[in-house]
Amino acid sequence: MKEEIQKFFKGEVEDSEETLVKYSKDASVFEIRPKLVLFPRDTEDVKQLVKWVSYTKNAQPELSITARAAGTCMAGGAIGASIILDFTRHMNHMIKFMDDIPQKYPAKMPASITVQPGMFYRDFEKITVEKGLILPCYTASKSLNALGGMYGNNSAGERTLKYGKTEDYIISAKVVFADGNEYVVKSLSEPELAKKMAQGDFEGDVYKNLFDLINKNKEEIELAKPKVHKNSAGYYLWNVVGSKESKILSGGEGYFDLNKLLVGSQGTLGIATEITFRLVPDNKHSKLVAIFMKDTEPLGRLVDEILDLHPETLETYDDKTMKLAVRFFPDFLKNRGFVGMIKFMWSFLPEFWMMAGSFLGGGFPKLIILAEFAGESEDDVEKKCRALDDKIRHFKQKIHITKNTAESNKYWDIRRESFALLRKHVKGKRTAPFVDDIIVRPEFLPKFLPEINKILSKYDLTYTLAGHAGDGNFHIIPLMDFSRPDVGQIITELSDQVYDLVSRYHGSITAEHNDGLVRTPYLYKMYSEHMLGLFNETKKIFDPKNIFNPGKKVPVPGGGGTKEYLKAHLAIEHPIEHKV
């Protein structure tokens, strides 16, 4: 196989032991050894590879292509048993930067930037921030992840509450379909769609067959749409026709946009080779308000009142997370210098007193809520923070408006780094993301969170709970000993129970992290058998030979996307640290 591919492939084709071991893992709990790892030099490499795999598939049924960027997927979406196609070595550049969308649009729009999928977000952000612009759906792992992964997973993060997910920022993409040709995918008007469907070629058939599928099942598809602020489960068939963003980006004529389906499809329908993102102005000033809740009962009502003031972010973490920060406080002092260390220690005095008070009967807060406000001036931001203080004072919770950026960063450090600290200090166990991305509507949280804790307490697991309170999206990542013979059984049992609970509260089993290998077996908890059949039909429309990242979104009988496959491919050792 290697020799055949090298005849037409300009990039590197590698099968060393070191390479195969490295690419057998992403940031998930799995380990799957590929046959080859390829590093394409350009789009022509991608096209030729897809054509070769499609042609050879009948003779070698196990052939497939898993597109990969930074490999930070926590769901097992970036690993596969055949060919891994890594874009980060060569196809990692900015293609162009535009200050404004072209003049045909009815109003001045934010800038756009076109990049290759292997470009790291950290390099991307340096370019945009210099222009006072940002892609606000960035993730907690933005120092590690790449843009292709954000497109494939429909990524989101702290600022998604106000700004939305990756799907809201795609203007267009170039995508290689299963016929091995590259196509421009963008929002189409009704006449443009009719013309596309009449082409009579592979691309035209994709548009026609998908349009027919959606049209014939319109009511079922609309009913299946999860009633939460964000969702990454399944194929987004409800988003393709007539979305608001499509109309905006096409100057009011947008009607049908395949990007609304391809974003979040984890490379199972085609391979993106270029992506054009819409950017927004970055705020010049921001400030954080910390709210310490001793009782979670009013959480839903509290969140509603905070949302009335349109915060930039609304995050939360639990008492375990705060106690970890105090317990392992010396880790936060590293690399700060003497003066920085003194300032940081001084800023932590309230938390130390809070901890001491809990031992004396004062009670430690059950949840810490972080509401961040942004604006054009410091006065503007200060007024928003004071308005929040006045508005929620009747809840009688302790409220603290941070004085400066350094103090705000303290709370963000706790939110982002505490679990890495826990993993570092608890020997013999590692992070296990499998129920790591659940979401229910915020009004259900006061009842939902105690029930989640009750389920987890049955298994004597060490875990913290943190997430996006404004969305009702929580991340739970336990520490587990993967050398135990029953770890697979625990993962599947817990997943069943947690996702049953999520289903009862009409939520989603994954808000941001997507299905991959870890949640595809549980899609039936959210969707009817008929909807799962529509997902399967969608996959066949785009990928009739199942060459693109099989076993994700749609299970493969006897292969990926089943509980048996999940348990059989758990990694015993794994060095990845997770940021949520």
Ring centres under 6.0 Å, that's the criterion: do F535 and Y527 meet it?
yes
Measure the CD1-CG distance between I275 and L147 for me, rounded to the nearest 0.5 Å.
6.0 Å
Look up atom CE in M531 and atom CD in E537, then write down how far apart they are to the nearest 0.5 Å.
10.5 Å
Who pairs with [X] by side chain to side chain contact (heavy atoms under 4.5 Å, CB included), at least two apart in sequence or on another chain?
X    : answer
R89  : E12, E14, F39
Y55  : none
S495 : F434, V435, I491, Y499, Y522

Are the side chain of K545 and the backbone of S54 linked by a donor-acceptor contact shorter than 3.5 Å?
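A pair under 3.5 Å: yes.
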Can you confirm if the NZ or CZ of R122 lies within 45° of the ring axis of F120 and under 6.0 Å from the centre of its six-membered ring?
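Yes, R122 and F120 form such a contact.
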Using the side chain to side chain contact (heavy atoms under 4.5 Å, CB included) definition, which of the options I455, I438, D436 pairs with I476?
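Among I455, I438, D436, the one that satisfies the side chain to side chain contact (heavy atoms under 4.5 Å, CB included) with I476 is I438.
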Residue of the set T431, V487, T462 for which side chain to side chain contact (heavy atoms under 4.5 Å, CB included) holds with M480:
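Result for side chain to side chain contact (heavy atoms under 4.5 Å, CB included) with M480: V487.
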Residue pair T464, Y317: steps toward the side chain to side chain contact (heavy atoms under 4.5 Å, CB included) verdict:
CA-CA 8 Å; T464 58; Y317 48 83; over 6 Å; no
Heavy atoms, side chains only, cut-off 4.5 Å: are L161 and H468 in contact?
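Not in contact.
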Closer than 4.0 angstrom, basic N to acidic O: yes or no for K47 and E44?
yes
